[in-house]
Amino acid sequence: MLAQPPLDVVVVGGGTAGWMTAAALAKLLPRACNVHLVESEEIGIVGVGEATLPHIRGFNEKLGIDEAEFMARTRATFKLGIQFENWARVGDCYVHPFGTFGRGQGEVGFHQYWLRMMHDGHLVAELDDYSLACTMARQGRFSLPSQDPREISSTFNYAYQFDATLFAPFLRSIAEQLGVRRTEGRIVNVELDGESGNIAAVELQNGERIAGDLFVDCSGFVALLIGKALEEPFQDWSKWLPCDRAVAMPCRTETAVTPYTSAIAMDAGWRWRIPLQHRTGNGYVHSSSFIAEQDAMDALVAAVEGEPLVDPRVLRFKAGRRERSWVKNCVAIGLSGGFLEPLESTSIYLIQQAITALVELFPEKEIAPSDRDEFNRLVDLEYDRVRDFLILHYHATERSDTPFWDYVRTMEIPDSLAEKLELFRRRGRVVKYREGAFLEASWVAVYLGQRVFPEGHDMRADLPKSDALAGGMEQLKTEIRQTVHAMPDHLGMIARYCPMAA
Ligand SMILES: Cc1cc2nc3c(=O)[nH]c(=O)nc-3n(C[C@H](O)[C@H](O)[C@H](O)COP(=O)(O)OP(=O)(O)OC[C@H]3O[C@@H](n4cnc5c(N)ncnc54)[C@H](O)[C@@H]3O)c2cc1C
């Protein structure tokens, strides 16, 4: 029996990572820990990060958060996926949807039947037309998914686009109700135990000392504990993901409030467009090796489709992650642990995965190396997969019209991605994993959207008779079209379900 008194957990940082961690620990492990969060309002939070993945719904559910209230409070809109413009070629446009292609029920993935029809010389519609989420996104319609797996309206998933500056305060109110203690103040020193090398306490500018058994570093890019105090090395991935700056500038909404995020390729990176209830978020993620900051700012200002609400703000970062996220008695979650640019809205997802792993592997006072190692294995796996997925968007391009696109098109890629690409190029196969972000449909959407076309298809897709397959596909397309037609438009749905307070 490994019973023990509750651990004193100190969470350093009150951004999205800090408050998500504090709220989750207090809710899910109330007998195992006492949570104390330290943050400095003077330093503030990153405060961008408006687009999410569907997994966040599971996180909110675990915390007992009411969806409509959460969306109203964070001024959120629905997100069905990401629309990529100009990526493989200027003029191209595709959607990476949250959901399956087809009904997701065949012997093999729907794209295999679609490929077989193409290879047999049949005239079939774009793959997007067989995805409910893509069709909803394109037509700007939304209703909540059906829970009945027989219904076509059960074949999509959704996430949110929300105001990142409102999410942490929303979580704070929940965490404090659950008993999380909060201290305001700037940490000026981290005290290490001379013998074990563990963190013993953090010291604030006003002289207060906060001791703990376990420290969660949510201090953002500064990585106060894991980086500065424990000196855990950072694996730099910028040779594969050269974007290292973003200029952000929200504007008034003067175009459609789309139920999807837009990622529009630019000369030296890409631009996000994220419509919320009260404004539209915009930013130009770019590489400082290929464009000057001022030029990136000018390009963003020229591109936004509404009156700017503030001056452009520059954020600097580096792609990569810590060698280990859990070192001694310190667990890094959020930007302190690593950063992958927001192309597929993965940061909050990675925070959530790390929290889940911490809850599952929550330690005793004497931390078992096996718990720590397993945590690090799980976190590394997630980062490495997301890294490969992001690199695919850049590398699988035909563009050579600017030095940036020429570089990413011709750069060397990790072996793990080269193997995945080869697998897809031959017969449209996707490396399988049971859980995590970006399952088969996501990879298929991006491969095909980036013009990676397989030479063959899975032999099992040859089983159905050609006529039956063609008829079934036509019927599916019609059913999707009719189902979407009957849905409310996105803004109408928001007005009914989760309008922000006036
Ligand atoms: C350009 C850009 C776009 C992004 N877009 C997305 C997106 O679309 N989707 C997504 O999921 N994510 C996105 N992200 C990532 C997302 O913003 C972050 O992952 C998320 O906000 C978590 O940040 P954090 O809590 O780790 O750090 P921060 O928000 O930086 O919080 C750090 C906390 O530590 C505290 N702190 C720091 N130093 C001290 C000190 N000395 N003493 C006391 N307290 C201290 C600060 O006060 C603050 O409370 C984006 C990030 C960037 C840079």
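All ligand and atom numbering here is 1-based and tracks the order in the structure.
- Protein heavy atom in closest approach to atom 39 (C) of ligand 1: I43 CD1, 3.3 Å.
- The protein heavy atom nearest to atom 11 (O) of ligand 1 is I348 N, 2.8 Å.
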- Message: Test side-chain contact (heavy atoms from CB on, under 4.5 Å) on E203 and E208; report intermediate values, then the result.
- Response: CA-CA 6 Å; E203 286 165 21; E208 191 181 344; over 6 Å; no
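- In the vicinity of G185, heavy-atom distances shorter than 4.0 Å reach the ligand 1 atoms 42 (N), 43 (C).
- Which of G44, G13, G283, G14 comes nearest to atom 46 (C) of ligand 1 through a heavy atom is settled by distance: it is G44.
- S219 O, 3.4 Å is the protein heavy atom nearest to atom 37 (C) of ligand 1.
- In this structure, atom 41 (N) of ligand 1 lies nearest to the protein heavy atom I187 O, 3.2 Å.
- R387 forms a cation-pi arrangement with W237, by the criterion of a distance under 6.0 Å to the ring centre and an angle within 45° of the ring axis.
- Looking at E50 against ligand 1, only its backbone comes within 4.0 Å, counting heavy atoms.
- Using a 4.0 Å cut-off between heavy atoms, S40 contacts ligand 1 through both its backbone and its side chain.
- Here Y394 and Y407 keep their ring centres 6.0 angstrom or further from each other.
- Only side-chain heavy atoms of L224 come within less than 4.0 Å of ligand 1; its backbone N, CA, C and O stay farther off.
- Residues K328 and D193 are not paired through a salt bridge, judged by the lack of any N-O separation under 4.0 Å between the basic side chain and the carboxylate.
- For R279, the CZ atom sits in a packed shell: over 12 heavy atoms of surrounding residues, nucleotides or ligands are nearer than 6.0 Å.
- Taking a cut-off of under 4.0 Å to the non-hydrogen atoms of G334, the atoms of ligand 1 that pass are 26 (O).
- When the options V46, L335, T16 are ranked by their closest heavy atom to atom 18 (C) of ligand 1, first place goes to L335.
- Close approach of ligand 1 to A51 is summarised as follows: ligand atoms under 4.0 Å from at least one heavy atom of the residue are 7 (C), 8 (O), 9 (N), 10 (C), 11 (O).
- For the pair D406 and R409, the salt-bridge criterion is met [side-chain N within less than 4.0 Å of a carboxylate O].
- Annotation for ligand 1: atoms under 4.0 Å from non-hydrogen atoms of P342 are 3 (C), 4 (C), 5 (N), 6 (C).
- One finds a salt bridge joining R252 and E307 here, because a Lys/Arg side-chain nitrogen approaches an Asp/Glu carboxylate oxygen to under 4.0 Å.
- Of all atoms in ligand 1, numbered sequentially from 1 with element shown, those under 4.0 Å from a heavy atom of G15 are 25 (O), 29 (O), 31 (O), 33 (C), 49 (O).
- Taking a cutoff of 4.0 Å between a charged side-chain nitrogen and a carboxylate oxygen, E305 and R273 qualify as a salt bridge.
- Close approach of ligand 1 to I45 is summarised as follows: ligand atoms under 4.0 Å from at least one heavy atom of the residue are 29 (O), 48 (C), 49 (O).
- Using a cut-off of 4.0 Å between Lys/Arg side-chain N and Asp/Glu carboxylate O, D244 and R316 are scored as not salt-bridged.
- Counting heavy atoms closer than 4.0 Å to ligand 1, residue I351 contributes side-chain atoms (C-beta onward) but none from N, CA, C or O.
- In terms of protein heavy atoms, atom 17 (O) of ligand 1 is closest to V48 O, 2.6 Å.
- With respect to atom 13 (C) of ligand 1, the closest heavy atom belonging to the protein is G49 CA, 3.3 Å.
- By the 4.0 Å N-to-carboxylate-O rule, R182 lies close enough to E184 to be salt-bridged with it.
- Shortest contact from atom 1 (C) of ligand 1 to any protein heavy atom: A246 CB, 3.5 Å.
- Judged by the 6.0 Å and 45° rule, R245 forms no cation-pi pair with F317.
- Residue contacts with ligand 1, taken as heavy atom pairs separated by less than 4.0 Å, involve C218 solely via the backbone atoms N, CA, C and O.
- Among all non-hydrogen protein atoms, the one lying nearest atom 27 (O) of ligand 1 is G220 CA, 3.5 Å.
- For F234, the ring-ring contact (aromatic ring centres under 6.0 Å, His included) criterion is met by no residue, not counting sequence neighbours.
- Heavy atoms of F339 found under 4.0 angstrom from ligand 1 belong exclusively to the side chain.
- For F156 and F98, the ring centers sit 6.0 Å or farther from each other.
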